[in-house]
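Below you'll find the structure, written out as structure tokens, and then a few comments.
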Amino acid sequence: MRKTILTGDRPTGQLHIGHLFGSLLNRVKFQEEYETYIMIADVQALTDNFNNPQKVRDNVLEVAMDNLAVGIDPQKATIFIQSLIPEIAELTVFYSNLVTISKLQRNPTVKQEIEQKKELFKDSVTFGFLGYPVSQAADITAFDADLVPVGEDQLPMIEQTKDIVRKFNKIYGQTLKEPEALVGGFGRVKGLDGNSKMGKSLNNAIYLADSPEIIENKIRKALTDPDKIKLDDKGNPDVCTVFYYHQMFSGGNLKNIKNECQSGERGCIQCKRELSENIIRFLEPIQKKRKYYQDHPELVDEILKRGTEKAREKSRQVLQRVKKGMKLDYFS
Ligand code: TRP
């Protein structure tokens, strides 16, 4: 039997090259081999955007188009909308008995996010936000996922899911599948400012849909070795974000770039120009495909509608098993 992959994105903005190298390229590769489900996590997005429903609504389509543009094939993979799968909400309620508040409060990702969202949560976090790892366990188990391709920051979520699965199976009998995380080849992608994470809210991202002008502008401002001031100063590629991105986009020429920077034969302006060109070239086919879907939003709707129907069918079966285990299978 084919193994199953489930992964998802919060529709809070367009996807960027951090997503591309952290997770999207893996998805495209694995759709050939695995039963693949890609969830647009609108319910999860609302946990920290409950006061901005229009933003979430608008970005559902953007995220769907980003996935299609990088090469997710709707004939092979199932793209669906989380809020249209009530089974996930039901599972979340059942799992919530298997997780303690203090365990959720200790979750490193949740902790960090609460810290970043001080503005929203002031001195007290919502029930919904604190519980989103439980709902994510429901997302994953509702499809009997074997593998979950995610960015490194999501590892605590998969640990939490495993914990719930083990507890569930121990109490209610062997019912749920235990998933494994699959972190992308590049792990976490740094931001343009050198920050350890490229993020929508950090204002340091290159989006898949960025125009050539925007890309050139952003790369022009990217952080380089602060001690390399003149063209012929010897540079240190290890502290340069431009070199860091060259590693992703300039494969064949990498050794030259490194040597020329270190020996002072290469200036940062030229180096940035080359990087911009390579990124623009890399994104060109992706953007072409994206434009096609932008011009045909009815096609994207149709893909989401069909995907959601298929996802619902699968999650219905899992929920039935869960209810049986929990002695909630009345009248059947
Ligand atoms: N939490 C993930 C993120 O912020 C999105 C997500 C929601 C997800 N449900 C998921 C990822 C299930 C993998 C599996 O990126």
Side-chain angles (χ1 to χ4, degrees), residues 3-24 26-27 30 34-49 55-56 59-60 62-64 66-67 72 77-85 87-89 91-92 95 104 107-114 116-117 128-165 176-184 187-189 197-202 205 307-308 311 314-315 318:
K3 290 198 169 184
T4 299
I5 273 184
L6 176 120
T7 190
D9 307 289
R10 295 185 197 191
T12 55
Q14 293 181 342
L15 302 184
H16 51 62
I17 63 171
H19 297 110
L20 185 66
F21 289 96
S23 161
L24 296 174
N26 257 349
R27 290 179 198 179
F30 287 122
Y34 295 89
E35 177 82 35
T36 299
Y37 290 93
I38 296 170
M39 184 177 73
I40 306 191
D42 57 346
V43 177
Q44 190 177 107
L46 283 166
T47 61
D48 56 351
N49 291 277
K55 171 172 143 189
V56 174
N59 281 302
V60 168
E62 297 293 330
V63 167
D66 282 330
N67 272 283
I72 292 298
T78 306
I79 310 180
F80 68 98
I81 300 175
Q82 185 184 25
S83 63
L84 292 175
I85 313 288
E87 286 77 6
I88 292 176
L91 291 174
T92 304
Y95 297 169
L104 291 168
N107 183 304
T109 307
V110 172
K111 239 164 110 173
Q112 195 186 14
E113 285 172 325
I114 291 174
Q116 282 167 4
K117 281 153 202 164
F129 189 81
L130 188 63
Y132 94 71
V134 183
S135 133
Q136 192 157 332
D139 300 337
I140 294 168
T141 53
F143 299 92
D144 284 332
D146 298 281
L147 285 176
V148 187
V150 283
E152 205 179 34
D153 61 307
Q154 292 293 305
L155 291 178
M157 298 302 148
I158 314 302
E159 281 312 307
Q160 179 63 79
T161 302
K162 289 185 185 193
D163 194 64
I164 289 173
V165 167
L176 299 173
K177 193 176 267 181
E178 196 173 314
E180 291 298 332
L182 192 77
V183 175
R188 177 181 286 197
V189 176
K197 186 182 175 185
M198 179 173 281
K200 292 180 263 235
S201 52
L202 300 168
T308 300
K314 173 70 195 171
S315 62
V318 174

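Values reported hereafter were calculated over all heavy atoms of this structure, with side chains retained and with hydrogens, waters and symmetry mates removed. The residues of the chain are indexed from 1 along the displayed sequence. When a ligand or atom number is given, it counts from 1 through the structure's own listing order.
The list of ring-ring contact (aromatic ring centres under 6.0 Å, His included) pairs with a residue in residues 131-164, not counting sequence neighbours, reads Y37-F143, F80-F143, F129-Y132.
Here the side chain of N26 pairs no donor or acceptor atom with the backbone of G22 at under 3.5 angstrom.
Shown here is K117, whose NZ atom has more than 12 heavy atoms of other residues, nucleotides or ligands within 6.0 Å.
Scanning for side-chain hydrogen bond (donor to acceptor under 3.5 Å, both in side chains) contacts around Q160 gives an empty result, with sequence neighbours left out. With sequence neighbours excluded, no residue satisfies side-chain hydrogen bond (donor to acceptor under 3.5 Å, both in side chains) with N107.
Contacts of ligand 1 (protein heavy-atom distance under 4.0 Å) are L6, T7, G8, R10, M39, A41, Q44, Q136, D139, I140, V148, V150, Q154.
In summary, of the residues considered (I40, L15, T7), a side-chain contact (heavy atoms from CB on, under 4.5 Å) with N67 occurs for L15 alone.
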